[in-house]
Amino acid sequence: MSVLVVGSVALDSVETPFGKADEVVGGSAVYFASSASHFAPVQLVGVVGNDYPVHKLDALRARGVDLAGLEQAEGESFRWRGRYRHDLNAAETLETRLGVFSHFRPKIPAGLRKAPFVFLGNIDPRLQLEVLRQVERPKLVACDTMNFWIESRRADLVELLKHVDVLLLNDGEARQLTEHANLVKAARWILQRGPKHVIIKKGEHGAFMFSGNTVFFAPAYPLEDVFDPTGAGDSFAGGFMGYLARSGRLDEAHFRRAVVHGCTMGSFVVERFSNQRLLEIGSGDIRTRLDEFRRLVAFEEELPA
Ligand code: AMP
């Protein structure tokens, strides 16, 4: 089954303790599609300005991502400038230039309105709501957000929660949205407002999935060299949704495996700038890392006598 993603298509300028990248391909929809396309067909809806180096998206097309829903509008592309210091879990936004995003009205092409899996990538929650008005009862809707929108569009975001099945966000965002310092309480707050599952990501400390009365935890892969954390959240979402779309099953066991697929894809993207690493890897690399994940958490319940 295929996945429809709507989100930002950006030019990112990123500084980490290990180097700098200027105006590289980024954005929530790009990272998501680069990751999810390893598991399922992906259709991307978004907008770029007339200054966007669209040929740089050919690599996505080559991975089978359908870019028919990507509009090119008059004006500047969305740009994000961020910095990570030694705590690679915390991105510091230096500048957000919405450009063509400020006038963007997502139009879901008729052929994509029946998409069974929908991911609302990090964009204005009003646009995320507009997308949901255009699609026909998907099997699963997941969404992401960030501090920028929690601050500026809180009421819309709370309205959006009523219409999504899964919310993915990081621990800082969960605390900011719910005003609970405790993540269990924060998850409860979110689950009471619509989503059936909430995934709280904690960067190098793994991710929790809260669903009804159950909690699942997956560690992050212990990488020795993390180069640039940008896109880890969206790549996680891509692995998570891509796996569910491929399996077509939405029970607890598949959701748990989907979280591990999310952690796996997040662990690849941070090894290089932009989405480069996701374009290099193949199913063998993913399989190997999934096996390493299994070994990472396997233990004997009872010690042998
Ligand atoms: P993450 O997966 O959370 O690291 O997301 C990183 C991506 O989010 C970058 O490629 C940015 O272009 C994009 N981004 C940053 N700020 C925003 C925003 N306010 N709205 C939409 N996308 C954003």
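In listed order, ligands and their atoms are each counted from 1.
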Taking both backbone and side-chain atoms of [X], is any N or O found less than 3.5 Å from an N or O belonging to ligand 1?
| X | value |
| --- | --- |
| Gly231 | yes |
| Gly27 | yes |
| Thr96 | no |
| Gly233 | yes |

Original post:
Can you tell me if Phe236 has a non-hydrogen atom under 4.0 Å from ligand 1?
Top reply: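 No; Phe236 lies far enough from ligand 1 that no heavy-atom distance drops under 4.0 Å.
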Original post:
So, do His261 and Phe39 have ring centers that fall under 6.0 Å from each other?
Top reply: yes
Original post:
With a 6.0 Å cut-off on ring centres, are His197 and Phe255 close enough?
Top reply: yes
Original post:
Would you say the side chains of Arg63 and Ser34 form a donor-acceptor pair under 3.5 Å?
Top reply: no
Original post:
Do we see a donor-acceptor contact under 3.5 Å between the side chains of Tyr84 and Glu92?
Top reply: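 The answer is no; no qualifying pair exists.
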Original post:
Going only through I, L, V, M, F, W and Y residues with side-chain contacts under 4.5 Å, is there a path from Leu11 to Leu94?
Top reply: no
Nearest to [atom], what protein heavy atom do you find, and at what distance?
| atom | value |
| --- | --- |
| atom 16 (N) of ligand 1 | Met146 SD, 3.2 Å |
| atom 22 (N) of ligand 1 | Ser8 OG, 2.9 Å |
| atom 21 (C) of ligand 1 | Asn122 O, 2.8 Å |
| atom 10 (O) of ligand 1 | Asp12 OD2, 2.5 Å |
| atom 20 (N) of ligand 1 | Trp149 NE1, 3.2 Å |
| atom 3 (O) of ligand 1 | Asp234 OD2, 4.2 Å |

Original post:
Under 4.0 Å from ligand 1, counting heavy atoms only, is it the side chain of Ala91, its backbone, both or neither?
Top reply: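 Neither part.
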Compare every heavy atom of [Y] with every heavy atom of [X], then report the nearest pair and how far apart it is.
| X | Y | answer |
| --- | --- | --- |
| Phe78 | Val9 | CB-O, 4.0 Å |
| Ala40 | Met1 | CB-O, 3.5 Å |
| Arg249 | Leu244 | O-CD2, 3.5 Å |

Taking 4.0 angstrom as the limit and counting only heavy atoms of [X], give me the atoms of ligand 1 inside it, by number and element.
| X | value |
| --- | --- |
| Ala10 | 12 (O) |
| Phe148 | 19 (N) |
| Ala232 | 2 (O), 4 (O) |
| Gly26 | 10 (O) |
| Tyr31 | 10 (O) |

Subject >> N-O pairing of Glu23 and Arg79 below 4.0 Å >> reply: yes
Subject >> Check ion pair Arg105-Glu130 (N to O, under 4.0 angstrom) >> reply: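 Salt bridge: yes.
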**OP:** If the plane angle is over 60° it's perpendicular, under 30° parallel, otherwise tilted; pick one for His254 and Tyr243.
**Re:**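 Judged by the thresholds at 30° and 60°, the geometry between His254 and Tyr243 is parallel.
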